[in-house]
Amino acid sequence: MGRARTALGLAAILAVTACAQLNPSAPPRLDKTGASVQGVYAVTPENVASVRERAQETVNNTRTAAGLAPVTLDAALVAAADDQSRAMAEQDRAWNFGADGSSPLDRARRAGFEGQILGELVSETYENEVQTIATWMGTAAQRAVLLDPAARRIGLGVYREPSNKLWWTLTVAN
């Protein structure tokens with residue numbers, strides 16, 4: 001069942017990306033290895049909303065393929081995830097502790113979130129949101145967070161360093 005669920009999730013991710021065009025507002029296309037075939041695009045203030053929407057769509061397609069309810073973007077979780085992405089860049093380390101020692105719950109509460117945090121996924125260096133989500137789906141613990149049946153809301157944070165290195169945070173909650 002686990003392999004079938006993984007296969008369905010990865011198929012959903014690849015299906016979302018199959019129709020992409022060569023522009024930063026379209027979902028990125030991936031090759032068989034999961035690498036972007038459209039090249040790197042900069043995540044900017046002008047396109048970050050589209051990046052978040054594509055991430056939500058990718059997560060929802062993956063969840064739907066697994067028979068789960070979709071999730072919505074939550075502004076407070078987005079703010080908390082953005083803060084963590086910046087904090088990881090400052091620390092030069094992808095992990096779940098803020099520069100001030102904060103936890104995902106601490107950051108969500110500071111941002112005004114009142115629900116239950118189910119998990120937080122972090123990573124660095126992946127070119128785009130789809131590649132990042134596909135990587136998270138590749139490990140059982142991270143896949144379990146993305147496919148938590150109780151999940152109803154997410155926040156995707158991303159921070160781009162001046163060198164173009166990207167830091168990603170996905171906070172999942174109900």
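Values below: all heavy atoms of this structure, side chains included; hydrogens, waters and symmetry mates excluded. The first residue of the sequence shown is numbered 1, and numbering continues consecutively from there.
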Inset, instruction - Using the rule that two of Ile, Leu, Val, Met, Phe, Trp, Tyr join whenever any of their side-chain heavy atoms come within less than 4.5 Å, decide whether Val158 and Leu77 are in one cluster. - result: no

Inset, instruction - Check the pair Arg110 / Asp100 against side-chain contact (heavy atoms from CB on, under 4.5 Å), numbers first and verdict last. - result: CA-CA 13 Å; Arg110 278 195 305 241; Asp100 60 357; 2.9 Å; yes

Inset, instruction - Mind checking side-chain contact (heavy atoms from CB on, under 4.5 Å) for Ala75 and listing every partner two or more places apart, or none if nothing turns up? - result: none

Legend entry - Least distance between heavy atoms, Arg107 atom then Ser102 atom: NH1-O, 2.8 Å

Inset, instruction - Compute whether any side-chain donor of one residue and acceptor of the other, for Asn61 and Thr64, lie under 3.5 angstrom apart. - result: no

Legend entry - Non-hydrogen atoms of Thr132 and Ser123 that approach each other most closely: CG2-OG, 3.2 Å

Legend entry - CD1-CZ distance between Ile117 and Arg153, expressed to the nearest 0.5 angstrom: 8.5 Å

Inset, instruction - Output all residues satisfying side chain to side chain donor-acceptor pair (under 3.5 Å) with Thr169, sequence neighbours left out; order by chain, then residue number. - result: Ser85

Legend entry - Considering all heavy atoms, the nearest Ala81-Gly157 contact: CB-N, 3.3 Å

Inset, instruction - Kindly write out the residues that satisfy salt bridge (Lys or Arg N to Asp or Glu O under 4.0 Å) with Arg109, not counting sequence neighbours, or none if the list is empty. - result: none

Legend entry - Glu53, Arg54, Gln56 screened by side-chain contact (heavy atoms from CB on, under 4.5 Å) with Glu129, the one that passes: Arg54

Inset, instruction - May I ask you to check whether Gln84 and Trp167 show a side-chain donor-acceptor distance below 3.5 Å? - result: no

Inset, instruction - Look only at the side chain of Asn47 and the backbone of Thr44, and say whether a donor-acceptor pair between them is shorter than 3.5 Å. - result: yes

Legend entry - Side-chain touch Leu146/Leu170, heavy atoms, less than 4.5 angstrom: yes

Legend entry - Partner set under side-chain contact (heavy atoms from CB on, under 4.5 Å) for Arg63, not counting sequence neighbours: Val59, Asn60, Leu68, Val71, Leu147, Ala151, Arg152

Inset, instruction - With rounding to the nearest 0.5 Å, note down the distance linking CZ in Arg143 to CG in Asp148. - result: 13.5 Å

Inset, instruction - Determine, using the 4.5 Å side-chain heavy-atom cutoff (strictly less than), whether Val122 and Tyr159 are members of one ILVMFWY cluster. - result: yes

Inset, instruction - Of all the heavy-atom pairs spanning Phe113 and Ala76, show the shortest one and how long it is. - result: N-CB, 3.8 Å

Inset, instruction - From the options Thr135, Thr58, Val51, select the one residue that forms a side-chain contact (heavy atoms from CB on, under 4.5 Å) with Val130. - result: Thr58

Legend entry - side-chain hydrogen bond (donor to acceptor under 3.5 Å, both in side chains) partners of residues 66-82, not counting sequence neighbours, each pair once: Arg52-Asp82

Legend entry - Sequence-distant partners of Thr139, side-chain contact (heavy atoms from CB on, under 4.5 Å), two or more places apart: Gln142

Legend entry - Shared hydrophobic cluster, Leu156 / Leu105 (ILVMFWY, side-chain heavy atoms < 4.5 Å): no

